[in-house]
Protein chains: 2
Amino acid sequence: MRPEDLRFQVLRHLEQKPDMTQRELAATLGISLGRVNYCVQALIERGFVKAANFRNSRNKRAYLYKLTPNGLTEKAALALRFLRRKEQERQALLQEIEALRAELGEASSHEQGEQ
Amino acid sequence: MRPEDLRFQVLRHLEQKPDMTQRELAATLGISLGRVNYCVQALIERGFVKAANFRNSRNKRAYLYKLTPNGLTEKAALALRFLRRKEQERQALLQEIEALRAELGEASSHEQGEQ
DNA sequence: TGACCTCTGTTCATCCATTGAACGCATAGA
DNA sequence: TCTATGCGTTCAATGGATGAACAGAGGTCA
(Lines give C-alpha, C1' and ligand atoms only; values in the text may rest on other atoms or scores of the structure.)
Protein backbone atom coordinates (compact mmCIF):
# COMPACT_ATOMS: atom_id res chain seq x y z
CA MET A 1 0.00 0.00 0.00
CA ARG A 2 1.43 3.32 -1.11
CA PRO A 3 1.90 6.09 1.43
CA GLU A 4 -0.52 8.24 -0.53
CA ASP A 5 -3.16 5.53 -0.47
CA LEU A 6 -2.61 4.97 3.20
CA ARG A 7 -3.15 8.65 3.94
CA PHE A 8 -6.36 8.52 1.95
CA GLN A 9 -7.64 5.45 3.74
CA VAL A 10 -6.82 6.93 7.12
CA LEU A 11 -8.60 10.18 6.29
CA ARG A 12 -11.52 8.20 4.95
CA HIS A 13 -11.91 6.13 8.08
CA LEU A 14 -11.34 8.99 10.50
CA GLU A 15 -13.94 11.18 8.81
CA GLN A 16 -16.50 8.45 9.21
CA LYS A 17 -15.41 7.39 12.69
CA PRO A 18 -13.16 9.92 14.44
CA ASP A 19 -12.97 7.90 17.64
CA MET A 20 -11.05 5.05 16.03
CA THR A 21 -7.87 4.16 17.84
CA GLN A 22 -4.61 3.68 16.01
CA ARG A 23 -4.80 -0.01 16.79
CA GLU A 24 -8.24 -0.22 15.22
CA LEU A 25 -6.97 1.58 12.15
CA ALA A 26 -4.03 -0.79 11.93
CA ALA A 27 -6.26 -3.86 12.15
CA THR A 28 -8.76 -2.47 9.64
CA LEU A 29 -6.13 -1.48 7.13
CA GLY A 30 -4.04 -4.58 7.66
CA ILE A 31 -0.84 -2.77 8.58
CA SER A 32 1.23 -2.33 11.70
CA LEU A 33 0.61 0.00 14.58
CA GLY A 34 3.89 1.80 14.01
CA ARG A 35 3.05 2.65 10.46
CA VAL A 36 -0.39 3.97 11.38
CA ASN A 37 1.16 6.13 14.06
CA TYR A 38 3.64 7.56 11.59
CA CYS A 39 0.87 8.30 9.11
CA VAL A 40 -1.46 9.90 11.64
CA GLN A 41 1.30 12.11 12.98
CA ALA A 42 2.08 13.21 9.43
CA LEU A 43 -1.56 14.10 8.85
CA ILE A 44 -1.60 16.12 12.08
CA GLU A 45 1.70 17.76 11.16
CA ARG A 46 0.26 18.86 7.82
CA GLY A 47 -2.88 20.22 9.43
CA PHE A 48 -5.25 17.74 7.86
CA VAL A 49 -6.25 16.18 11.17
CA LYS A 50 -6.56 17.64 14.64
CA ALA A 51 -6.32 15.43 17.70
CA ALA A 52 -8.81 16.58 20.30
CA ASN A 53 -8.88 15.21 23.81
CA PHE A 54 -11.62 12.71 24.21
CA ARG A 55 -12.84 11.13 27.36
CA ASN A 56 -15.43 8.50 27.92
CA SER A 57 -15.80 5.38 29.96
CA ARG A 58 -14.34 2.94 27.47
CA ASN A 59 -11.25 4.66 26.17
CA LYS A 60 -8.59 5.75 28.56
CA ARG A 61 -6.38 8.15 26.73
CA ALA A 62 -7.94 8.16 23.29
CA TYR A 63 -8.14 11.14 20.99
CA LEU A 64 -10.81 12.33 18.64
CA TYR A 65 -9.17 12.64 15.24
CA LYS A 66 -11.18 15.33 13.55
CA LEU A 67 -10.56 16.29 9.93
CA THR A 68 -9.85 19.98 9.41
CA PRO A 69 -11.32 21.88 6.43
CA ASN A 70 -7.99 21.40 4.69
CA GLY A 71 -8.20 17.75 5.60
CA LEU A 72 -11.57 17.44 3.90
CA THR A 73 -10.21 19.11 0.78
CA GLU A 74 -7.18 16.86 0.79
CA LYS A 75 -9.28 13.79 1.27
CA ALA A 76 -11.47 14.71 -1.72
CA ALA A 77 -8.44 15.29 -3.91
CA LEU A 78 -6.87 12.03 -2.85
CA ALA A 79 -10.13 10.21 -3.46
CA LEU A 80 -10.35 11.43 -7.03
CA ARG A 81 -6.72 10.52 -7.78
CA PHE A 82 -7.26 7.18 -6.11
CA LEU A 83 -10.36 6.48 -8.19
CA ARG A 84 -8.72 7.46 -11.46
CA ARG A 85 -5.75 5.25 -10.75
CA LYS A 86 -7.92 2.30 -9.79
CA GLU A 87 -9.85 2.68 -13.03
CA GLN A 88 -6.60 2.69 -14.92
CA GLU A 89 -5.35 -0.35 -13.03
CA ARG A 90 -8.55 -2.17 -13.85
CA GLN A 91 -8.14 -1.38 -17.52
CA ALA A 92 -4.54 -2.58 -17.45
CA LEU A 93 -5.65 -5.72 -15.70
CA LEU A 94 -8.11 -6.38 -18.49
CA GLN A 95 -5.38 -6.25 -21.10
CA GLU A 96 -3.18 -8.52 -19.04
CA ILE A 97 -6.03 -10.99 -18.61
CA GLU A 98 -6.82 -10.98 -22.31
CA ALA A 99 -3.19 -11.61 -23.16
CA LEU A 100 -3.07 -14.51 -20.73
CA ARG A 101 -6.27 -15.98 -22.08
CA ALA A 102 -4.83 -15.81 -25.56
CA GLU A 103 -1.71 -17.62 -24.39
CA LEU A 104 -3.72 -20.26 -22.62
CA GLY A 105 -6.17 -20.66 -25.46
CA GLU A 106 -9.13 -19.84 -23.26
CA ALA A 107 -12.28 -18.42 -24.73
CA SER A 108 -12.31 -14.80 -23.75
CA SER A 109 -15.53 -13.83 -22.01
CA HIS A 110 -17.57 -11.06 -23.54
CA GLU A 111 -17.10 -8.05 -21.38
CA GLN A 112 -18.97 -5.10 -22.73
CA GLY A 113 -19.02 -1.49 -21.79
CA GLU A 114 -15.25 -1.15 -21.60
CA GLN A 115 -13.29 1.29 -23.65
CA MET B 1 5.63 -8.45 -7.17
CA ARG B 2 5.15 -11.77 -5.44
CA PRO B 3 7.83 -14.43 -5.69
CA GLU B 4 5.34 -16.73 -7.35
CA ASP B 5 4.48 -14.11 -9.95
CA LEU B 6 8.11 -13.39 -10.54
CA ARG B 7 8.83 -17.04 -11.21
CA PHE B 8 5.96 -17.12 -13.66
CA GLN B 9 7.13 -14.03 -15.49
CA VAL B 10 10.68 -15.33 -15.70
CA LEU B 11 9.51 -18.67 -17.07
CA ARG B 12 7.27 -16.85 -19.49
CA HIS B 13 10.04 -14.65 -20.84
CA LEU B 14 12.64 -17.40 -20.98
CA GLU B 15 10.36 -19.75 -22.89
CA GLN B 16 9.82 -17.09 -25.51
CA LYS B 17 13.40 -15.85 -25.55
CA PRO B 18 15.89 -18.23 -23.89
CA ASP B 19 18.88 -16.06 -24.71
CA MET B 20 17.77 -13.22 -22.47
CA THR B 21 20.40 -12.14 -19.99
CA GLN B 22 19.62 -11.63 -16.33
CA ARG B 23 20.15 -7.93 -16.83
CA GLU B 24 17.60 -7.89 -19.64
CA LEU B 25 15.16 -9.77 -17.45
CA ALA B 26 15.72 -7.31 -14.63
CA ALA B 27 15.10 -4.33 -16.89
CA THR B 28 12.03 -5.89 -18.48
CA LEU B 29 10.47 -6.90 -15.18
CA GLY B 30 11.47 -3.71 -13.41
CA ILE B 31 13.40 -5.37 -10.62
CA SER B 32 17.01 -5.61 -9.59
CA LEU B 33 19.69 -7.85 -11.03
CA GLY B 34 20.22 -9.54 -7.71
CA ARG B 35 16.63 -10.57 -7.39
CA VAL B 36 16.52 -11.97 -10.91
CA ASN B 37 19.65 -13.98 -10.22
CA TYR B 38 18.13 -15.39 -7.06
CA CYS B 39 14.95 -16.36 -8.93
CA VAL B 40 16.75 -17.91 -11.90
CA GLN B 41 18.97 -19.97 -9.62
CA ALA B 42 15.89 -21.20 -7.77
CA LEU B 43 14.29 -22.24 -11.06
CA ILE B 44 17.44 -24.11 -12.02
CA GLU B 45 17.64 -25.67 -8.58
CA ARG B 46 14.08 -26.95 -8.90
CA GLY B 47 14.75 -28.36 -12.34
CA PHE B 48 12.40 -26.04 -14.19
CA VAL B 49 15.17 -24.37 -16.18
CA LYS B 50 18.45 -25.69 -17.47
CA ALA B 51 21.32 -23.34 -18.22
CA ALA B 52 23.12 -24.45 -21.35
CA ASN B 53 26.34 -22.95 -22.50
CA PHE B 54 25.79 -20.51 -25.28
CA ARG B 55 28.36 -18.78 -27.38
CA ASN B 56 27.95 -16.23 -30.09
CA SER B 57 29.54 -13.01 -31.13
CA ARG B 58 27.47 -10.67 -28.99
CA ASN B 59 27.30 -12.36 -25.64
CA LYS B 60 30.47 -13.30 -23.87
CA ARG B 61 29.53 -15.71 -21.16
CA ALA B 62 25.79 -15.91 -21.56
CA TYR B 63 23.69 -18.97 -21.02
CA LEU B 64 20.71 -20.36 -22.85
CA TYR B 65 17.97 -20.75 -20.26
CA LYS B 66 15.89 -23.60 -21.60
CA LEU B 67 12.70 -24.69 -19.91
CA THR B 68 12.60 -28.35 -19.00
CA PRO B 69 9.41 -30.44 -19.45
CA ASN B 70 8.73 -29.91 -15.75
CA GLY B 71 9.34 -26.23 -16.33
CA LEU B 72 6.70 -26.11 -19.03
CA THR B 73 4.21 -27.87 -16.76
CA GLU B 74 5.04 -25.51 -13.91
CA LYS B 75 4.68 -22.50 -16.13
CA ALA B 76 1.23 -23.63 -17.30
CA ALA B 77 0.09 -24.19 -13.74
CA LEU B 78 1.41 -20.81 -12.62
CA ALA B 79 -0.25 -19.16 -15.60
CA LEU B 80 -3.64 -20.50 -14.68
CA ARG B 81 -3.32 -19.52 -11.03
CA PHE B 82 -2.06 -16.12 -12.14
CA LEU B 83 -5.00 -15.61 -14.48
CA ARG B 84 -7.58 -16.64 -11.90
CA ARG B 85 -6.12 -14.28 -9.35
CA LYS B 86 -6.00 -11.41 -11.78
CA GLU B 87 -9.64 -11.97 -12.64
CA GLN B 88 -10.47 -11.90 -8.97
CA GLU B 89 -8.42 -8.75 -8.46
CA ARG B 90 -10.26 -7.11 -11.30
CA GLN B 91 -13.59 -7.99 -9.78
CA ALA B 92 -12.50 -6.64 -6.41
CA LEU B 93 -11.30 -3.49 -8.08
CA LEU B 94 -14.72 -3.01 -9.62
CA GLN B 95 -16.37 -3.10 -6.22
CA GLU B 96 -13.86 -0.68 -4.82
CA ILE B 97 -14.40 1.67 -7.75
CA GLU B 98 -18.16 1.52 -7.40
CA ALA B 99 -17.91 2.30 -3.70
CA LEU B 100 -15.68 5.28 -4.42
CA ARG B 101 -18.00 6.56 -7.12
CA ALA B 102 -20.86 6.35 -4.69
CA GLU B 103 -18.90 8.36 -2.13
CA LEU B 104 -17.91 10.94 -4.68
CA GLY B 105 -21.38 11.15 -6.18
CA GLU B 106 -20.13 10.24 -9.61
CA ALA B 107 -22.42 8.62 -12.13
CA SER B 108 -21.28 5.04 -12.35
CA SER B 109 -20.62 3.97 -15.89
CA HIS B 110 -22.63 1.07 -17.21
CA GLU B 111 -20.32 -1.87 -17.32
CA GLN B 112 -22.11 -4.93 -18.50
CA GLY B 113 -21.12 -8.51 -18.68
CA GLU B 114 -19.69 -8.64 -15.21
CA GLN B 115 -20.94 -10.99 -12.59
C1' DT C 1 -7.43 8.52 49.08
C1' DG C 2 -4.43 5.39 47.05
C1' DA C 3 -3.25 1.17 44.84
C1' DC C 4 -4.11 -1.25 40.78
C1' DC C 5 -5.69 -2.25 36.23
C1' DT C 6 -6.71 -1.10 31.52
C1' DC C 7 -6.17 1.07 27.24
C1' DT C 8 -4.10 4.58 24.81
C1' DG C 9 -0.25 6.90 21.85
C1' DT C 10 4.64 6.66 21.22
C1' DT C 11 9.24 4.86 20.47
C1' DC C 12 12.80 2.25 18.46
C1' DA C 13 15.61 -2.04 18.07
C1' DT C 14 14.94 -5.72 14.94
C1' DC C 15 13.95 -7.95 10.86
C1' DC C 16 13.90 -8.94 6.03
C1' DA C 17 13.51 -8.26 1.23
C1' DT C 18 15.64 -5.55 -2.21
C1' DT C 19 19.27 -3.18 -4.27
C1' DG C 20 23.27 -2.43 -7.28
C1' DA C 21 28.31 -1.80 -7.11
C1' DA C 22 32.08 -4.71 -7.45
C1' DC C 23 34.21 -8.95 -8.61
C1' DG C 24 35.87 -13.08 -11.32
C1' DC C 25 35.57 -15.12 -15.54
C1' DA C 26 35.12 -16.11 -20.54
C1' DT C 27 35.15 -14.60 -25.08
C1' DA C 28 36.07 -11.38 -29.15
C1' DG C 29 38.95 -8.45 -31.35
C1' DA C 30 43.35 -5.93 -31.99
C1' DT D 1 49.27 -12.15 -26.12
C1' DC D 2 46.82 -8.34 -24.31
C1' DT D 3 42.80 -5.50 -23.71
C1' DA D 4 37.97 -4.56 -23.65
C1' DT D 5 33.46 -6.08 -23.13
C1' DG D 6 29.65 -8.37 -21.20
C1' DC D 7 28.15 -12.12 -18.55
C1' DG D 8 26.71 -14.39 -13.89
C1' DT D 9 27.58 -14.05 -9.04
C1' DT D 10 28.18 -12.09 -4.52
C1' DC D 11 27.20 -9.47 -0.50
C1' DA D 12 27.45 -5.14 2.26
C1' DA D 13 24.29 -1.54 2.56
C1' DT D 14 19.77 0.35 2.36
C1' DG D 15 15.11 1.34 3.69
C1' DG D 16 10.54 0.36 5.06
C1' DA D 17 7.66 -2.36 8.01
C1' DT D 18 7.07 -4.55 12.34
C1' DG D 19 5.43 -5.12 17.10
C1' DA D 20 7.20 -5.52 21.84
C1' DA D 21 7.88 -2.44 25.37
C1' DC D 22 7.22 1.91 27.57
C1' DA D 23 5.01 6.04 29.88
C1' DG D 24 0.91 8.30 30.83
C1' DA D 25 -4.03 9.03 31.84
C1' DG D 26 -8.35 7.57 33.49
C1' DG D 27 -11.45 4.22 35.62
C1' DT D 28 -12.36 1.06 39.57
C1' DC D 29 -12.77 -0.50 44.02
C1' DA D 30 -11.60 -1.18 48.93
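Not measured: the values here are computed from a predicted model. Note on naming: letters A, B, ... go to the chains in the order of the sequence lines (proteins, then strands), and numbering restarts at 1 for each one.
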In whole angstroms, the gap separating P of D/dG6 from OH of B/Tyr63 amounts to 18 Å

Between P on C/dT27 and CG on B/Asp19, what's the gap in Å once rounded to a whole number? 17 Å

State the CG-CG distance between B/Leu11 and B/Leu72, to the nearest 0.5 angstrom. 8.5 Å

When rounded to whole Å, the CG to C1' distance for the pair A/Leu64 and C/dG9 reads 14 Å

Length of the CG-P vector between B/Leu29 and C/dA17, whole Å: 19 Å

OP1 or OP2 of D/dT10 versus the side-chain N and O atoms of B/Tyr38: is any pair under 4.0 Å? no

The side chain of B/Ser32 is closest to which nucleotide in this list: D/dT18, C/dG9, C/dT19? C/dT19

Would you call A/Arg90-B/Glu89 a salt bridge at under 4.0 Å N-O? no

Protein-nucleotide distance (B/Met20, atom CE; D/dG8, atom C1'), rounded to Å: 15 Å

For D/dG8, does either OP1 or OP2 sit under 4.0 Å from a side-chain N or O belonging to B/Gln41? no

Salt bridge A/Asp5-A/Arg7, side-chain N to carboxylate O under 4.0 Å: no

Taking the minimum atom-to-atom distance to the side chain of A/Arg35, which one of D/dG19, D/dT18, D/dT10 wins? D/dT18

Which heavy atom of A/Lys86 sits nearest to which heavy atom of B/Leu93, and what is that distance? CD-CD1, 3.6 Å

Figure out the CG/P separation between B/Leu33 and C/dC23, and round it to whole Å. 16 Å

Among side-chain atoms of A/Glu15 and A/Tyr65, is any donor-acceptor pair under 3.5 angstrom? no

Taking the side chain of B/Ala62 as its heavy atoms from C-beta onward, which of D/dC7, C/dG20, D/dG19 lies nearest to it? D/dC7

Figure out the CG/P separation between B/Leu25 and C/dT18, and round it to whole Å. 16 Å

Using a cut-off of less than 4.0 Å, is there contact between a side-chain N or O of B/Asn37 and OP1 or OP2 of D/dT9? yes

If you only use heavy atoms from C-beta on, which nucleotide in C/dG9, D/dC7, D/dT18 is closest to the side chain of A/Arg23? C/dG9

Please tell me which of B/Gly34 and A/Gly30 maps to the more 5' nucleotide of DNA chain D, matching each residue to the nucleotide holding its nearest heavy atom. B/Gly34

Specify the separation, in whole Å, of atom CG of A/Asn53 and atom P of D/dG24. 16 Å

So, OP1 or OP2 of D/dG6: does either fall under 4.0 Å of a side-chain N or O from B/Gln22? no

